[in-house]
Protein chains: 2
Amino acid sequence: MLAASKPFSGTAVVPIDGLLRTCNQTESRIATIPPRTRLFLPGIDRSETFRIRTGCIALFQLLPDGRRQIVDILGPDRLFGRGISDLHQCGAEALCETEVELVTAVRRSLDAEINQAVRLMLRRAQAHATLLGRKTAGERIASALIDLAGQFAGEASSRFQLHLTRTDLADWLGLTLETVSRYLNRFRREGLVSFEGPSHICLRDRAGLELIAGGRDLVDAQ
Amino acid sequence: MLAASKPFSGTAVVPIDGLLRTCNQTESRIATIPPRTRLFLPGIDRSETFRIRTGCIALFQLLPDGRRQIVDILGPDRLFGRGISDLHQCGAEALCETEVELVTAVRRSLDAEINQAVRLMLRRAQAHATLLGRKTAGERIASALIDLAGQFAGEASSRFQLHLTRTDLADWLGLTLETVSRYLNRFRREGLVSFEGPSHICLRDRAGLELIAGGRDLVDAQ
DNA sequence: CGGCTCCTTGAGCGCTCTCAAGCCCGGTGG
DNA sequence: CCACCGGGCTTGAGAGCGCTCAAGGAGCCG
């Protein structure tokens, strides 16, 4: 039996149509989701889609005994909603305060955008399967850091805020939080990364990390 | 270091446009791919899509050192092609003699079908991530058997041909061939399955397998 | 018959998990 | 001000699942 994260209980659960309503009232298409909010999408129309403006959302699945697998981490500019990932199979949780924008039918190119987003998720899911099935713990951590830098650090920068806890990272990478902690600190001791507090990370040796990651990650082209 | 399958070398590699040409010559839309043929899709138009009529195709990724991860197993009626899975990131290999049908623009509903197929692949990929990240070896084998029965056994039947070798199963499930063999034989000793030869399998206790699989698999609805 | 591929089975090891203790830090209340 | 508490993180010690290595069997083909 692999790590069984403690079953979620305390976190707030927010129906996303509630957010929608506030959207409409304020004549705005933008909603703000508080940190650690679980989203669910009750009767959402397939065409209702959100774009993340700032923040971070995790998509996850649960096994009956409480084991959790995070299947993707969504950063700024990623789309999500019922038409994208089939969220009736996934839960979604905002890992920090997250601003989302409703993009329903703003323009007619939306369908194409959604299909692109679905294909991006598929490519990421396939690369993630390779990570989960065939990479060692160290390789997984290195891959994750590179991925997160790509999503949350500015183009030129290698510094970013880590919205995930050690437990989140473990549930994303198929490890335990102890193993995640051990490898992060090992990478820090080896000068590959540095922390400023446990949730700010700077990649000090990106090439070294990419080497460890086990070959260039297959998801980068759009 | 996890299992590094021996690097592939001997298997035939067939450009899929070669198959296409024979298609056109015979005025047929159907091509037959020999067993253990690697496909690659050189200058294929995005809209050229195949439907599997009979047989089995594996999509896989390779790490630089030769480790292989099979990201999906495609059985009859599944679509594939460049517009579906982004095959420039995946290799594809026919695991047995496989008949495919070119479905380019036969009807105008094709786009919708392709999008459905992509979404199915995404759902399967997410369920597979949960398998790889959070399930034990026994749970993975049980899940795989149920999945394969769904794709390759007739609706009512629980008997099917296993087109995958033990190595293929291992590379799909993130295990080694020895572990796969051990659990398959353990399930046989426990009366959950039976073999007729190493490549014909019959599920004797589907409910038991589903229990072991760690909760109903999340991919079944289309 | 040899040679090949695939499969099975055993013995032992090691990577990662499990269990446990303790630290850091912010919040809260005395 | 300090005490207390709780969540998240770090670190160590030991155990176990699945990997590694190895030997041998079964089936097929020339």
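Quantities reported herein were computed from a predicted structural model and do not represent experimental measurements.
In this structure Phe160(B) satisfies the ring pair (Phe, Tyr, Trp, His ring centres under 6.0 Å) test with no other residue, sequence neighbours excluded. Checked against side-chain hydrogen bond (donor to acceptor under 3.5 Å, both in side chains), Glu99(A) has the following partners two or more places apart in sequence or in another chain: Arg53(A).
Rounded to an integer number of Å, the gap from CZ of Arg140(B) to C1' of dC19(D) is 13 Å. Between the C1' atom of dC4(C) and the CZ atom of Arg36(B) lies a distance of 15 Å, rounded to the nearest Å. In this structure, the CG atom of Leu132(B) is 20 Å from the P atom of dC17(D), given to the nearest Å. Rounded to a whole Å, the CG atom of Leu184(B) is 7 Å from the P atom of dT8(C). Between the CZ atom of Phe195(B) and the C1' atom of dA26(D) there is a distance of 15 Å, given to the nearest Å. Atoms CG (Asp168(A)) and C1' (dG7(D)) sit 13 Å apart, rounded to a whole Å. If you take CZ of Arg186(A) and C1' of dG12(D), they are 16 Å apart, rounded to a whole angstrom. For the pair Ile141(B) CD1 and dC7(C) C1', the interatomic distance rounds to 14 Å; values are reported in whole Å.
Phe60(B) has its side chain within reach of Leu62(B): a pair of non-hydrogen atoms, C-beta onward, lies under 4.5 Å apart. Between Thr32(A) and Thr98(A), the closest side-chain pair of non-hydrogen atoms is not below 4.5 Å.
Checking the phosphate oxygens (OP1, OP2) of dT11(D), a side-chain nitrogen or oxygen of Asn185(A) falls inside 4.0 Å. Thr179(B) has no side-chain polar atom (N or O) that falls below the 4.0 Å cut-off from OP1 or OP2 of dG18(D). An OP1 or OP2 oxygen of dG18(D) is reached within less than 4.0 angstrom by no side-chain nitrogen or oxygen of Thr176(B). OP1 and OP2 of dT11(D) both lie 4.0 Å or more from every side-chain N or O belonging to Arg182(A).
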Please tabulate the protein-to-nucleotide N/O contacts below 3.5 Å involving nucleotides 20-28 of chain C, giving atom names and distances.
none

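With dT8(C), dT11(D), dC17(C) as the choices, the nucleotide that has an atom nearest any side-chain atom of Leu177(B) turns out to be dT8(C). The Ser181(B) side chain lies nearest to dT8(C) when the options are dT8(C), dC17(C), dC9(D).
The shortest non-hydrogen separation linking Ala153(B) to Arg159(B) is CB-O, 3.3 Å.
Seen from the ring of Phe195(A), Arg204(A) does not count as a face-on cation partner, given the 6.0 Å and 45° thresholds.
Gln69(B) contributes a side-chain N or O that, together with a main-chain N or O of Trp172(B), makes up a donor-acceptor pair within less than 3.5 Å.
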